[in-house]
Every structure is written in structure tokens, then in C-alpha cells.
Amino acid sequence: MVDHALRQTKQKDAVLKTLHRCDDFISAQDLHRQLIDSGLSIGLATVYRQLNALADAGQADTIRLNGSQLFRMCQDNHHHHHLVCEHCGRTIEIEPPDEQWLRKTAAEHGFTLHSHTVELFGLCPECQKA
């Protein structure tokens, strides 16, 4: 049986290429608009399917911001987190927090730590000036 998520298609190539050009997280709708503007005929459902397959395969990061799911190809394959501007979407990869602090915080509340996701949201310097 063929794993369709790994199959190379024209649409998947276009989504990958366009997503690689985005420095910040982007919504499926905005990515779809960029693909259409570039002359590619692709459905929004196909863009969602490709982005979710990339996220499921660990090839793309995804976050929720202001009620929307956003996607991004990350530059590093090592464990990292993001600092994200809530206004313009500017994104910076940051190092993960100290593992001991995470375990201590979980233990203080009676939890065991299996995994963690830390994303920091705020305003970048440019948006603070506006």
C-alpha cells in the first residue's frame, strides 16, 4: 500500500516551495492565495491536506494564533520553540526552556512530564511602535 502523504505531486511541490519562502507562520488561506497569485490552479482543500500532512510528518510546525491554525517550515530540525508577534506574525525560533524547570513545575502540581510545547506570543518592536 502506498503512503499518499509521502507521494510527490505538483501541488505538494508547490506548497513546499511556497512555504519554504515564508519566514513567518502563515495560514492555509494566505498560502493558497499566494499559490493562486503565482498562477497555480490548486484548491484550498488540497492546500489544507498538504499542510496537515507536512505537520503530521513533522516537516512543518503549526501553531494556533487568534483562532487560526498557522504553518511554517522551520530552519532547524532540533527541538525548538517560537516567539511570535500577535499582530504581524513575525516569528523567531528560540531555544527550549530548561528541562529541569519544566519537570520541577510539573511536579509541583502533581504532574509527570511526557512532552511540552512552549510558544511565546507578544508584540515585536515594530508593532509596539505602531
Side-chain angles (χ1 to χ4, degrees):
M1 178 175 249
V2 176
D3 184 353
H4 294 287
L6 299 177
R7 192 177 77 197
Q8 218 47 40
T9 65
K10 180 181 177 181
Q11 289 91 355
K12 182 177 182 179
D13 287 342
V15 168
L16 271 170
K17 192 178 293 183
T18 305
L19 195 56
H20 272 291
R21 286 194 298 257
C22 297
D23 291 329
D24 301 323
F25 281 92
I26 187 170
S27 69
Q29 296 90 347
D30 288 340
L31 186 66
H32 177 253
R33 192 172 310 112
Q34 287 183 19
L35 291 163
I36 295 297
D37 290 348
S38 74
L40 183 67
S41 177
I42 186 171
L44 180 58
T46 300
V47 172
Y48 269 107
R49 189 170 45 255
Q50 293 297 333
L51 289 171
N52 283 314
L54 288 168
D56 290 345
Q59 295 177 320
D61 279 341
T62 181
I63 61 169
R64 294 205 64 79
L65 179 63
N66 299 325
S68 296
Q69 184 178 18
L70 305 176
F71 300 87
R72 180 176 188 255
M73 298 297 291
C74 287
Q75 312 309 321
D76 290 323
N77 290 332
H78 75 283
H79 186 71
H80 64 275
H81 301 279
H82 303 100
L83 180 58
V84 182
C85 179
E86 295 173 314
H87 185 260
C88 71
R90 180 177 175 210
T91 304
I92 298 171
E93 290 184 11
I94 57 175
E95 291 299 315
D98 180 82
E99 192 73 25
Q100 292 302 330
W101 177 83
L102 293 169
R103 292 190 185 289
K104 178 181 168 248
T105 302
E108 285 174 357
H109 297 279
F111 283 71
T112 58
L113 184 65
H114 293 263
S115 66
H116 68 274
T117 302
V118 177
E119 308 298 344
L120 305 174
F121 298 93
L123 293 175
C124 69
E126 290 78 21
C127 292
Q128 290 177 51
K129 294 176 190 173

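The residues of the chain are indexed from 1 along the displayed sequence. This one's a predicted model, so the numbers in the text were calculated from it and none came from an experiment.
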Just wondering, do [Y] and [X] contact through their side chains at under 4.5 Å, heavy atoms?
| X | Y | value |
| --- | --- | --- |
| Gln34 | Ile26 | yes |
| Gln11 | Arg49 | no |
| Gln29 | Tyr48 | yes |
| Ser38 | Arg33 | no |
| His32 | Thr46 | no |
| Gln69 | Asn52 | yes |
| Val15 | Leu35 | yes |
| Glu93 | His82 | yes |

Take Glu119 and Arg64 through the salt bridge (Lys or Arg N to Asp or Glu O under 4.0 Å) test and state the conclusion after the steps. CA-CA 10 Å; Glu119 308 298 344; Arg64 294 205 64 79; over 6 Å; no
Apart from Ile63 itself, which Ile, Leu, Val, Met, Phe, Trp or Tyr residues share its cluster (side-chain heavy atoms under 4.5 Å, direct or through members)? Phe25, Leu65, Leu70, Val84, Phe121
Minimum heavy-atom separation for Gln59 to Met73, with atom names? O-CE, 3.2 Å
Once rounded to the nearest 0.5 Å, what's the spacing between atom [atom1] of [X] and atom [atom2] of [Y]?
| X | Y | atom1 | atom2 | value |
| --- | --- | --- | --- | --- |
| Leu51 | Ser27 | CG | OG | 9.5 Å |
| Leu54 | Thr62 | CG | OG1 | 11.0 Å |
| Asp24 | Cys85 | CG | SG | 9.0 Å |
| Ser41 | Ile36 | OG | CD1 | 6.0 Å |
| Glu86 | Leu120 | CD | CG | 10.5 Å |
| Leu31 | Ile42 | CG | CD1 | 8.0 Å |

Quick one: side chains of residues 104-112, donor-acceptor pairs under 3.5 Å with protein atoms, not counting sequence neighbours, listed by atom name and distance.
| unit_1 | atom_1 | unit_2 | atom_2 | d |
| --- | --- | --- | --- | --- |
| Lys104 | NZ | Glu108 | OE2 | 3.3 |
| Thr105 | OG1 | Trp101 | O | 2.8 |
| Thr112 | OG1 | His114 | NE2 | 3.2 |

Test log, rule side chain to side chain contact (heavy atoms under 4.5 Å, CB included), inputs Glu99 and Leu113: CA-CA 10 Å; Glu99 192 73 25; Leu113 184 65; 3.9 Å; yes
Is the backbone N or O of Cys124 less than 3.5 Å from a side-chain atom of Arg90, with the two atoms forming a donor-acceptor pair by type? no
What residues, two or more places apart in sequence or in another chain, satisfy salt bridge (Lys or Arg N to Asp or Glu O under 4.0 Å) together with Asp13?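 Salt bridge (Lys or Arg N to Asp or Glu O under 4.0 Å) check on Asp13 returns nothing, list empty.
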Same cluster or not: Leu40 versus Leu19, using hydrophobic residues (I, L, V, M, F, W, Y) connected whenever any side-chain heavy atoms lie under 4.5 Å apart? yes
